[in-house]
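Order of the sequence lines sets the chain letters (A, B, ...), proteins ahead of strands, with each chain counted from 1.
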There are 2 protein chains.
Amino acid sequence: MRILIVEDTPDVAEAASASLGRAGFACDIAATLADARACIDITGYAAIVLDLNLPDGSGRDFLRERRRAGDLIPVLVLTAQFSVEDRVGALDEGADDYLVKPFDLRELEARLRALIRREAGRAENRIALAGLDFDAGAQSLRVNGAAVTATRRELALLNLLIANRGRIMPKDRLFDGLFGFENADVGTNTIELYVARLRKKLAGSGVSIETHRGLGYRLDLDG
Amino acid sequence: MRILIVEDTPDVAEAASASLGRAGFACDIAATLADARACIDITGYAAIVLDLNLPDGSGRDFLRERRRAGDLIPVLVLTAQFSVEDRVGALDEGADDYLVKPFDLRELEARLRALIRREAGRAENRIALAGLDFDAGAQSLRVNGAAVTATRRELALLNLLIANRGRIMPKDRLFDGLFGFENADVGTNTIELYVARLRKKLAGSGVSIETHRGLGYRLDLDG
DNA sequence: GTCAAGCTGTCATCAAGCTGTCATGCCACG
DNA sequence: CGTGGCATGACAGCTTGATGACAGCTTGAC
């Protein structure tokens, strides 16, 4: 799950990025609308966290622009405390949710998760597939009833694969989801490595990660 | 367990804060509705103690506002002795309990605990897990039948972990529950410290605090 | 008011285990 | 049967957590 944070205050952006990172999201930070556009052109995001006051324009314009272009990516807007006008306006222009600054990082995380969930058409954070039971909120994983420990990266990968289960995920998509730009120099072999590690932990669960040579990986039920 | 006290009389607010603090709650004080809103936006609370007469408006309006916004956080209202109208009105508007001023600090503590308990869906203050027997009301802890003394912070941490047992609790979440704003500059290493201290006291009880590197801590039965 | 006891949080140091690289071997597909 | 993509074990670096020691402060007793 890759998130774009459009926010020009470094402290806020980095705090959010760190918090969301810990929650298994890969975050990119854009300090201007121009940066944001560049990021969006380069890669896809599961959601955007958008501050309204930016050095090169209003986030509301950006939002309107994206919606006019037919982009339905979930957008969570950050507004100042007393600008009711901005809040309402942003919602009118297609924002999916807003958060008043200063905000609680956990709430940001929870709301983002809710947005992404809604977007994916799912009702729950918890998913059971055959012998696999994964709860994104508690970051807990069970295989055939037994708790299995997994690391942050493994959970992030599993999250991605589950969210797109049945579909073949290109390796670079997985890579984008696991690492933001700041880790862009990581070798692509890493994905293969984590797939291997995940497979070991999912062994016997009834779901497996299939390799599709030259195309990517797909998580699905066995058989 | 973090509590927000909305009260404009410093003496009362500080007495309550000190008393609840001794009971293991982390308290923040807001003297106005504006402050209260700001606090709520910044962090999450297990409950709110709300005075009705505030310099910038009525606590009842605030309460109505929160409920309209879909906020279900438990609210305990403080009312003057003879304003039956306020009392009933506040309950109608979604208050969960009220206390008539002047009130006994111990009663405040007990009622808050009851509210939080109800919210968590538990019927009892006392929880037994394997060889561990924890009573949040009496702040008493027994391990394999033997009384074990624990400090305020240790009990607060244990309380949080037990309330979320089986789930991985991120360190910053634990931090938020243990410290209010006035202690915001405490090093995060403190959580590790108290986890270590708690572990010593829980040794051999059948429950343990697992470390999940990069994710957080989880309290669960051994095995 | 004084004093002792013990709780608190900081620091420094050490240990653990996650992470990503590399090398090597395997397999599918042409 | 060759080649490129993938699998996987081993490893070193480094982030993260564990823990003992200590100083400051709170608390409660007298």
Query - Shortest non-hydrogen separation from D8(B) to L54(B) and the atoms involved - result: N-CD2, 3.9 Å

Requested in this report: List the protein contact pattern of nucleotides 15-30 of chain D with one symbol per nucleotide (5' to 3'): B for base contact, S for sugar-phosphate-only contact, - for none; contact means a heavy-atom distance under 4.0 Å.
Outcome: -BSBBS----------

Query raised in the report: Counting only heavy atoms not in Y98(B), do more than 12 fall under 6.0 Å of its OH?
Result: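 Atom OH in Y98(B) is not packed in, count stays at 12 or less.
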
**Report entry** Heavy-atom neighbours of R2(B) CZ exceed 12 at 6.0 Å
**Finding:**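 Yes, CZ of R2(B) has more than 12 neighbouring heavy atoms, counting only those of other groups under 6.0 Å.
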
Query raised in the report: Listed by chain and number, what are the side chain to side chain donor-acceptor pair (under 3.5 Å) partners of D172(A), not counting sequence neighbours?
Result: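 Scan of D172(A) (side chain to side chain donor-acceptor pair (under 3.5 Å), adjacent residues dropped) gives none.
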
Report task. Identify the 5'-most and 3'-most nucleotides of DNA chain C with at least one atom closer than 4.0 Å to a non-hydrogen atom of chain B. Result -> dC7(C) to dC18(C)

Requested in this report: State, yes or no, whether a side-chain contact exists between D133(A) and L141(A) at a heavy-atom distance under 4.5 Å.
Outcome: no

Query raised in the report: Can K101(B) and E7(B) be counted as an ion pair, charged N to O under 4.0 angstrom?
Result: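 Salt bridge: yes.
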
Query - Polar side chain donor-acceptor pair, S208(A) to D222(A), under 3.5 angstrom - result: yes

Query - Polar side chain donor-acceptor pair, R199(A) to T211(A), under 3.5 angstrom - result: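 Judged by distance alone, the side chains do pair up.
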
Query raised in the report: Bend across the helix from dG1(C)-dC30(D) to dG30(C)-dC1(D), to 10°, with axes taken over 5 pairs at each end?
Result: 40°

Only distances under 3.5 Å count here; give the side-chain donor-acceptor pairs of residues 212-219 of chain A to other protein atoms, sequence neighbours excluded, each with its distance to 0.1 Å.
unit_1  : atom_1 : unit_2  : atom_2 : d
H212(A) : NE2    : E210(A) : OE1    : 2.9
R218(A) : NE     : E210(A) : OE1    : 3.1
R218(A) : NH2    : E210(A) : OE1    : 3.2

**Report entry** All salt bridge (Lys or Arg N to Asp or Glu O under 4.0 Å) counterparts of D220(B), not counting sequence neighbours
**Finding:**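 With sequence neighbours excluded, D220(B) shows a salt bridge (Lys or Arg N to Asp or Glu O under 4.0 Å) to no residue whatsoever.
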
